Amino acid sequence: MEFLAPTTWADELAARSEHPGAVPIAGGTDLMVELNFDRHRPAGLLDLTRVPELRDWQRSEDAGVRLGAGVTFARVMTELSGLAPGLAMASRTVGSPQIRVRGTLGGNLGSASPAGDAHPVLLAVDAVVEVESVRGTRRIPVAEFFTGVKRSALEPDELIAAVLLPPVAGPQQFAKIGTRNAMVIAVASFAIALHPGARRVGTGIGSAAPTPRVATAAEDLLAGELDWDGRSPLDASVVRRFGELVAAAADPIDDVRGSAAYRRRALAVMEARTATWAWDEYRTGVGS
Ligand SMILES: Cc1cc2nc3c(=O)[nH]c(=O)nc-3n(C[C@H](O)[C@H](O)[C@H](O)COP(=O)(O)OP(=O)(O)OC[C@H]3O[C@@H](n4cnc5c(N)ncnc54)[C@H](O)[C@@H]3O)c2cc1C
């Protein structure tokens with residue numbers, strides 16, 4: 001198997017274009033499983049770990065964050081809990097310490113699994129995926145990135161360069177339910193982000209549909225019912241209706257990790273918890 005190891009971004013893009021059979025590898029925590037089980041035998045591997053700008057993050061012009069695709073979950077947890085609180089929460093739930101120091105945000109998106117833990121948060125905060133090829137750069141809103149089960153809008157000659165996060169607008173929360181507490185793929189997950197300036201709510205559902213997805217009707221309902229100015233506590237009937245609309249937006253399956261009915265129930269529980277935590281944080285100004 002050919003192993004390509006460019007050291008500059010321009011060379012990575014050229015190699016991606018010239019060697020279509022070479023599969024990109026970042027942390028390898030998804031890809032090496034595929035290779036070890038012989039599910040996949042690519043003609044070559046394109047190593048992404050030697051390009052410094054992929055591994056770094058910076059404040060962006062609009063005071064948000066530009067995260068290189070090779071930034072690991074461990075770094076998000078330790079360095080970005082203020083600038084990307086929801087993503088830091090989700091990162092803490094990924095695999096184990098070993099997986100978090102190797103696994104990258106770009107790899108999570110590259111696999112495009114419905115269960116990827118970064119995805120619900122990226123949806124809730126309106127993240128944008130920056131992809132690049134020798135033909136140029138495209139910015140894809142994350143809601144348009146996932147096109148099917150483990151399929152994405154990435155063209156064969158493109159690489160994920162970065163993820164762009166807008167400035168934190170308000171409280172963000174993430175919850176995940178698995179078959180145990182650690183080293184577990186989500187049976188269902190849910191993220192919420194409040195955008196008080198725009199009087200808007202963002203959501204992301206994970207592991208409960210063919211792709212990660214937003215719950216648009218639920219977002220609109222909650223945004224319209226929240227007492228943004230008076231900051232009164234969240235009404236139980238609003239939480240219940242929000243939960244019904246979140247569950248209606250999901251399209252879960254029965255599989256070895258859980259039934260569709262369990263996933264819908266889990267979403268309702270996570271929706272109620274995360275919405276209450278986020279709203280209480282906004283109301284009181286204190287992180288829950
Ligand atoms: C034991 C174990 C536990 C895990 N637990 C979790 C979990 O709790 N939550 C979770 O979400 N995931 C989990 N995973 C899956 C995995 O760790 C994540 O999906 C991780 O984000 C993958 O990142 P990586 O850098 O290792 O990707 P890789 O394995 O290197 O690549 C994954 C895919 O993305 C492509 N790719 C990588 N980078 C790019 C790029 N810049 N541009 C284009 N394509 C790219 C690769 O070609 C490949 O198809 C687990 C995996 C293992 C083995």
Side-chain angles (χ1 to χ4, degrees), residues 3-6 9 12-13 15-17 19-37 39-51 53-56 67-77 87 89-123 129-133 137-138 140 145-146 149-163 174-189 191 204 206-207 212 257:
F3 188 76
L4 307 165
W9 183 234
E12 291 284 5
L13 296 176
R16 183 77 176 127
S17 161
H19 301 268
V23 174
I25 180 162
T29 59
D30 272 328
L31 189 60
M32 288 310 296
V33 176
E34 298 284 304
L35 300 192
N36 285 343
F37 282 104
R39 289 185 197 131
H40 199 39
R41 190 52 49 186
L45 292 175
L46 175 60
D47 181 23
L48 300 177
T49 60
R50 291 159 210 240
V51 176
E53 58 265 43
L54 275 191
R55 292 196 298 265
D56 275 329
L67 287 148
V71 171
T72 61
F73 293 112
R75 287 193 63 193
V76 175
M77 280 164 55
L87 194 58
M89 281 177 204
S91 299
R92 281 184 207 113
T93 76
V94 171
S96 60
Q98 295 90 333
I99 298 296
R100 294 192 289 267
V101 294
R102 292 292 307 171
T104 64
L105 204 50
N108 213 228
L109 286 163
S111 292
S113 161
D117 283 327
H119 308 154
V121 175
L122 297 182
L123 286 167
V129 186
E130 190 178 288
V131 303
E132 204 168 336
S133 71
T137 303
R138 292 196 295 148
I140 308 172
F145 185 78
F146 306 106
V149 179
K150 299 195 173 180
R151 292 197 6 246
S152 74
L154 207 59
E155 296 289 344
D157 64 343
E158 286 177 327
L159 289 170
I160 301 164
V163 177
F174 171 81
K176 164 177 170 181
I177 288 183
T179 48
R180 57 183 184 182
N181 274 345
M183 278 292 275
V184 74
I185 294 175
V187 174
S189 58
S207 238
R257 282 180 281 128

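As the structure is a prediction and not an experimental result, all values here were calculated from the model. Computed over heavy atoms, backbone and side chain alike; hydrogens, waters and symmetry mates excluded. Read the numbers this way: they start at 1 and go in the same order the structure lists the ligands and their atoms.
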Residues, nucleotides or ligands: over 12 heavy atoms within 6.0 Å of F37 CZ: no

Ligand 1 contacted by M32 (non-hydrogen, < 4.0 Å): no

Part of E132 with heavy atoms under 4.0 Å of ligand 1, whether side chain, backbone, both or neither: neither

Spacing of CG belonging to L122 relative to NE2 belonging to H119, to within rounding of 0.5 Å: 7.0 Å

Spacing of E12 atom CD and D47 atom CG [to the nearest 0.5 Å]: 7.0 Å

Protein heavy-atom partner closest to atom 11 (O) of ligand 1 - residue, atom, separation in Å: D117 N, 2.8 Å

Sub-4.0 Å heavy-atom approach of V184 to ligand 1: yes

Sub-3.5 Å N/O-N/O distance, G27 and ligand 1: yes

Any T93 heavy atom less than 4.0 Å to ligand 1: yes

contact_flag I25 ligand 1 heavy-atom lt 4.0 Å: yes

Side chain, backbone, both or neither: I99 near ligand 1, heavy atoms under 4.0 Å: side chain

Any V131 heavy atom less than 4.0 Å to ligand 1: no

